[in-house]
2 protein chains.
Amino acid sequence: MTTKTKKGVETLPLNTVLGGDCIEVMNGLPEGSVDLIFADPPYNLQLRGDLHRPDNSQVDAVDDAWDQFASFEVYDRFTRDWLKAARRLLKPNGAIWVIGSYHNIFRVGAALQDAGFWILNDVVWRKSNPMPNFRGKRLTNAHETLIWASRDEAAKYTFNYEALKSLNEGIQMRSDWVLPICTGHERLKDEHGDKAHPTQKPESLLHRVLLGTTNPGDVVLDPFFGTGTTGAVARMLGREFIGIEREAAYRKVAEKRLASVRKYDRAALEVSTSKRAEPRVPFGQLIERGMLRPGEELLSMNGRHKAKLRADGTLVGDDVKGSIHQVGAALEGAPSCNGWTYWCIKRDGKPVSIDVFRQQIRAEMAERAN
Amino acid sequence: MTTKTKKGVETLPLNTVLGGDCIEVMNGLPEGSVDLIFADPPYNLQLRGDLHRPDNSQVDAVDDAWDQFASFEVYDRFTRDWLKAARRLLKPNGAIWVIGSYHNIFRVGAALQDAGFWILNDVVWRKSNPMPNFRGKRLTNAHETLIWASRDEAAKYTFNYEALKSLNEGIQMRSDWVLPICTGHERLKDEHGDKAHPTQKPESLLHRVLLGTTNPGDVVLDPFFGTGTTGAVARMLGREFIGIEREAAYRKVAEKRLASVRKYDRAALEVSTSKRAEPRVPFGQLIERGMLRPGEELLSMNGRHKAKLRADGTLVGDDVKGSIHQVGAALEGAPSCNGWTYWCIKRDGKPVSIDVFRQQIRAEMAERAN
DNA sequence: TTCCCCGCTGAATCTTTGA
DNA sequence: GTCAAAGATTCAGCGGGGA
């Protein structure tokens, strides 16, 4: 355990995991001693019954006691209390990150503002591999929200603009981050081979946060430490951490993990910036963007078939409905068909391949990336 | 101006733009008369003296914590008031969309929950062409947030799952939508050639919202109508709208715009539907119609099980009797089973899904209805 | 060794109807 | 109101095992 002397009197328990209630523990630490706080508080999911996948397997839900709150009021009080304790710990130029979902993030965001924090950005973590919506009743919940806020409006917060720009292949980093969820070998298991924690965050996410908004040697506090992703990435990046975790089982996992962390283990982290193939453009976007109009007629390139366009991007031909690919295949009696190159539309009296519109969208996307 | 009689007493001013304060106007409309509300409220331009009270008086500029809190209070009161009026207007199965940025969306989201709305998704509009952050002091603010919520937890909200899935090339629609901001010819100009409204939303955004969460003929209300994007897209998609806008200049622009909107034709507005929307066909009908014969043997799709068909439409398998669903579930040891897609039968030596026969019956029913 | 196929899983506010 | 039964519903990625 490292300690750090502040004004020759108080010390900070650096690079350790503290047990106990995070509010009490925070109140026992010296005021104005922390550069950054990263917090992943309970989301207050309000789950009702069981959920099964279409293949009848059961979804392992987050049903832990620590995520249960009696009411919004109780949750709000909890939020205000830990935010107050957290804000006291921050240095004048300190900042905070909080992550959440629609269940809790609006309440947390409002509480942050009420407590005097100054929101700098909200950041969307777009999951490349989210869990689908199995019952088809809502949109796939494919993102979580992070709020980045300084201690107050006057704070001169840390922002490593160039570092994030480099991380993003020379393009200014945006407020939406596409990163995969934590799976595979990175996902920590308990002695039974089950996941050690229901909501372990990926190191890539913390890497981006800490690289962008702290400097080497900074002190990062995580009041909901869990399996210690914040601490692990902090150590890799040469930052100091303080972890607080109530559950002894999680502390144990975190301590084991931290014991084997090596500083600057970059290779394992840089996974998310790989080159993509040409971006997929859903055909429906051509309608949403007004390039094609519902009700218009598409013609096949060979001139033998036609089909009518609907508002949801499906086609209706002779006795067939479906995607541009399905209808093309059916009309040709073929097993498959590339609708993009099969269909065209009259523009100024001349047939224009619909692929032209896709290329237009891709060109816009590419231009913006430069 | 179209009007719609409700219970023979009250009428709705459909497809018009109403002037005045949105709360007063909403309170003058009949309760439970609207299917969907789309709201793009003021974003609370933070604490710079730009905040107006509902009565149009200006809030003093402030720079200390005490007054900051007071400003948020004013915005919160405004939010609670218009949400209350909006909720009163919704039908029991109605829903609301609200769009905002980090300046206001957390307060709006919390107010929605406090008012009894039930959040269904938060949706991120990921702008493909956002304004860069010129000073390099923060992340490029590249998204806005929409909240989709039903009137209450019990509401049977409208969600056209298959239509949105079609729009997205056959993959279920996610909570992050990549769409360009409103520019070019779509961006309305005033008589001086300047943009007519500072925050005009793209039609593509409303297209997706209205296609996904309303049906043709539904009434859509927009209490902050602006230049009328909601109304324009509603008309194109065969929905009715009610717009409320305080500023006469915006109303004028909106009315001109709406006068030239064309509705897509009827066939283009029919969208892909899920099986849930199809009529229910009792399995016994397949026997009554002679498609299947009592005594025949059904095979499971995976080839592992078989069962014998009885005259009443029940199956008998190894130690199990019951409906096609019950026997399928029992044989697979699963909590449930869709017998329609689980079982097949030999026809001309080949296995044919029993769902094919159901589709035949449904096709006949549809034909007869025309 | 490589490749393919199959099984498993992830912060989830996840059904509808009729008796 | 309750309860039981019908029946609708999934995407990306990892890893293990077999060809």
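Labels below follow one simple rule: chain letters A, B, ... track the order of the sequence lines, proteins then strands, and each chain is numbered from 1. These numbers were taken from a predicted model, which means no experiment stands behind them.
Note on B:Tyr161: a side-chain N or O is less than 4.0 Å away from OP1 or OP2 of D:dT10. Contact annotation: A:Arg187 reaches the phosphate of C:dA11 (side-chain N/O to OP1 or OP2, under 4.0 Å). Within the 4.0 Å cut-off from OP1 or OP2 of C:dA11, not a single side-chain nitrogen or oxygen of A:Lys195 is found.
Nucleic acid contact for A:Arg53: base, since at least one base atom lies under 4.0 Å from a heavy atom of the residue. At a threshold of 4.0 angstrom between heavy atoms, the contacts of A:Asn44 with the nucleic acid are absent. The residue A:Thr199 sits close to a base: some heavy atom pair falls under 4.0 Å. Here B:Arg358 lies in heavy-atom contact (under 4.0 Å) with sugar-phosphate atoms only. Residue A:Asp40 is in base contact, counting any heavy-atom pair closer than 4.0 Å across all strands shown.
In this structure B:Gln113 satisfies the side chain to side chain donor-acceptor pair (under 3.5 Å) test together with A:Arg107, sequence neighbours excluded.
Applying the 90° cutoff around 0 to the glycosidic angle, D:dT9 is assigned anti.
A heavy atom lying under 4.0 Å from DNA chain D marks the following residues of residues 320-330 of chain B, by number: B:Ser323, B:His325, B:Gln326. Residues of residues 128-136 of chain A that place a heavy atom closer than 4.0 Å to DNA chain C, in numerical order, are A:Asn129, A:Pro130, A:Met131, A:Pro132, A:Asn133, A:Phe134, A:Arg135.
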